[in-house]
Amino acid sequence: MGGTVLAASITGCISYQSVHRLIITKSERNALLEVRERANKIDRWLGTRKAEIEILANTTPVRSMNWSVAEPYLKSEVNRLQEFQHFALIEPDGSYFTTKVGRALINVSDRQHFKKAMAGEVYVSDPTISRTLKGQSIVPISGPVWSNSANSIDKTAQKPIGVMNGVISIDRIAQVVRNLEYGPGTYAFVLNSQGVPIVHPDARLIGNIDNSAPSLLESADANLANVAREMVYQKTGIVLTQINDARVYVAYLPLEQAEWSIALVIPRDNLEKELFPFKILAVAAGVLAAAAILAAIVALKLFALNCIRSRTEGLLHRLTGRIRASLHLDRILQTTVDELGTLLKLDRAIFAWYDPRQDTLEFGWEYCREGLPAGLGIFGVPGEPSGDLAARLHRCETILLHKTAAPDATASEEHAHIELTNSHYAAVPVLTQNHRLGYLFACANRRFATPDEVEVLEAIADSLAIAISQSQLQGQIQEELKLLEEVLAKLRITEEHLVQSEKITIVGQLAAEVAQQINNPINFIYGRLIHLNDYIKDLLHIIRLYREQYPEPVPRIAKKIETCDLDFISQELPQILNFLKTGADGIRQIVLALRKFSLPDEANKEHANLNESIDNILLLLASRLEQKILVVKEYHNLPPILCYPGQLSQVFASLISNAIDAVKSIDNSAQIITIKTDIVEEYTGRFIVVSIAHNGSIIPPEIQPRIFDQCHTKSFKNFAGLELSVCYKIIVELHGGRLTVESPVQPKIKSQTGGGAEFMVKLPIF
């Protein structure tokens, strides 16, 4: 159901966002079209005025550049067109005549519209202050006047003979802009090419060429400055932004007939008003979905209650089956609390015996939620006297139980109390045939002990009472069977140990006998090789004397000497004898090491030299020590130590084999095994320390604290020989020493890739 609700919610959100985006896009398009329509209206009006100026500039009276001829004509045109306040005819030097005052006493050669017209362009200027009409804000429109002899072909090759200028009021443009709206609270403005407002609701922001105002490009409002920048760059668009602490949409586009841009500022609610019905529909759909989910949750809760009843019946059935199938009380009680805790999702489920004389509870079987400490032991209520604890449990009062005794001598005393909080636990009595009172506790970190839950506990308590009664009736038989089983188990363990010990003894004896059988002929060969070496030296000496006394042998002997290559034999034969002697000595040393390693330890400890034991092990492991593995031995003179030599040899062999496997796992790095022996003195006495370190792969930190535990030592991969737990027992329990590990080791043998590990054996010197 959760997956379905999640999928439906995601689909609804995506659909809502899609429709929301479509509505907003449509509203934005409509707003932009409204601005474009008003901009086109301004463009058409300005285009008409520019066309009128261009037509007037091409008339004969104007081309004459004679004011006496052009004045009557232009005054009549002012009356006819009425959009222009007056006309002016400007000479190339900037002096001019107007229909208002005649000849003007000032010059306009510095005006942008004059320069553009003299460059051959019909130009709409930014608003400026009229120099003729006493400070009035005007918009000049200027066009070039060509000579009568100029035609359309050679106009670009000539300069205008003057400028035709018409003046219009900015109020007409402002009126069109003010009529541009998109609901209440909207306003429009126009920026010139420098980002200065020429039409704006706030008159303080409006500027012109002669009366400069701050450009919106430099506005302290960064969002407004960004919009102004887009308008100055002649871009078209609509954006949702924040201006003057209000979320608004700004639609903007450039004008074609002038270097201006027009913008419309629309409050967000105006543009998104079409979303209101859609939002109401979405809220209604959400309410309906929530109601459907609530109904489904109620249905699921009812279904869950039915499931709990079914599981309760199943639990009772299983418990009844266990009662009939077995009379093992511990198993029945532990299974009961485990299944009870799982069924009702409890923090604790406990079975305890109640002692009315001491007014205490003995918690013997418990189920605990993961993370909670165990609470087995004998508990009582502190203080004088506690009152009837059984009655308080029946009433489910809040009780703080303190531990008075642990279940065994080695149990932890950290968890010293258990708090039974009212309405968070239930206690159901379990009465047996011998009138011993037990209690079944169920505790949870929530409101508990509803009638249904208590009914489950009472049904389980009834089944437990039957099981306990049957177990007590058969108690004596069970005890005898248990005793018999223990005796048989001990006999089996003893038998297995005897068989294993016998096997180990036989294998050691066989190895010792084989070593003895090999040692005798090797000693015979080694002893005879010494005499054979002396004999051959004598024979070679005699041959040299013969060659000195008879340098010219008879042909038959000379031919034989040449065939046998006597000189080569004389040089090679001593070397061969030396090789045979070295090989025989190596076999002899290996056999001696094998005999020492394989002979079983005596019942009593004996003195042994650990340096010799380690050398014997290295000799036996020589086949595994490849050429690229460097064994560094740092021995100190050690006194003989009282120990079990065979078992210590097995420990050292296991640790060295593990080091060999570890260094073989690294590549592109020197493979080093370092073996150190030393004597250290501590306040507890003198110790022999044997360190076996390598620069191979490290032991993970999470394994190191438990590496010598029996349940974890097998998880340490690639460990050859004895398990680490066995090594630990040999060192600690049999010899009273210490076995520790460090990984990674300190930089002396630390590799670039691994980090290495160091096993340290510390044995006391007695």
Side-chain angles (χ1 to χ4, degrees), residues 31-46 49 85 112-113 124-130 133 135-141 167-271:
L32 197 58
L33 288 175
E34 184 73 18
V35 177
R36 188 179 299 278
E37 181 180 349
R38 294 307 175 93
N40 290 340
K41 185 175 181 180
I42 295 174
D43 274 330
R44 287 194 299 271
W45 188 78
L46 290 175
R49 304 290 84 75
Q85 295 181 346
Q112 181 70 14
H113 62 87
V124 178
S125 172
D126 286 347
T128 183
I129 301 298
S130 175
L133 301 178
Q136 184 176 348
S137 179
I138 61 172
V139 177
I141 302 177
V167 174
I168 61 176
S169 174
I170 191 66
D171 295 337
R172 179 62 184 273
I173 299 173
Q175 180 182 359
V176 175
V177 173
R178 282 195 293 269
N179 291 334
L180 179 60
E181 62 178 20
Y182 200 90
T186 60
Y187 64 90
F189 61 90
V190 179
L191 300 184
N192 65 10
S193 59
Q194 303 301 317
V196 177
I198 60 177
V199 177
H200 198 281
D202 189 352
R204 295 172 299 176
L205 302 177
I206 297 176
N208 52 50
I209 295 175
D210 296 310
N211 184 18
S212 61
S215 172
L216 295 187
L217 295 174
E218 301 174 356
S219 173
D221 190 334
N223 296 327
L224 182 59
N226 290 335
V227 172
R229 189 176 297 108
E230 295 291 308
M231 295 175 66
V232 170
Y233 290 162
Q234 298 288 292
K235 293 186 178 181
T236 301
I238 183 169
V239 62
L240 175 62
T241 185
Q242 184 167 333
I243 299 177
N244 297 330
D245 298 328
R247 296 288 288 177
V248 294
Y249 284 90
V250 181
Y252 53 87
L253 53 84
L255 296 178
E256 296 179 357
Q257 300 299 328
E259 296 178 348
W260 305 338
S261 291
I262 184 171
L264 177 63
V265 180
I266 309 169
R268 182 177 182 179
D269 292 339
N270 291 6
L271 193 123

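- Using a 4.5 Å cut-off on side-chain heavy atoms (C-beta onward), I138 and T128 make contact.
- Atoms CD1 and CZ, from I262 and F189 in turn, are 9.5 Å apart once rounded to the nearest 0.5 Å.
- The side chain to side chain donor-acceptor pair (under 3.5 Å) search around D269 returns none, not counting sequence neighbours.
- Residues in residues 188-203 take part in these side chain to side chain donor-acceptor pair (under 3.5 Å) pairs, two or more places apart or across chains: D202-R204.
- For residues 32-42, there are no side chain to side chain donor-acceptor pair (under 3.5 Å) pairs, not counting sequence neighbours.
- Using a 4.5 Å heavy-atom threshold, the side chains of V124 and W260 count as touching.
- When the options L205, N226, L224, I243 are evaluated for a side chain to side chain contact (heavy atoms under 4.5 Å, CB included) with S219, the one that passes is L224.
- Remark: T186 pairs with no residue by the side chain to side chain donor-acceptor pair (under 3.5 Å) rule, at least two apart or across chains.
- For D43, there are no side chain to side chain donor-acceptor pair (under 3.5 Å) partners, not counting sequence neighbours.
- Side chain of D126 to backbone of I209: no donor-acceptor contact under 3.5 angstrom is found.
- Heavy atoms from other residues, nucleotides or ligands lying under 6.0 Å from CD of Q242 number more than 12.
- Residues S125 and V139 share a closest heavy-atom pair of O-CG1, 3.3 Å.
- The stretch residues 215-224 participates, sequence neighbours left out, in no salt bridge (Lys or Arg N to Asp or Glu O under 4.0 Å) pair at all.
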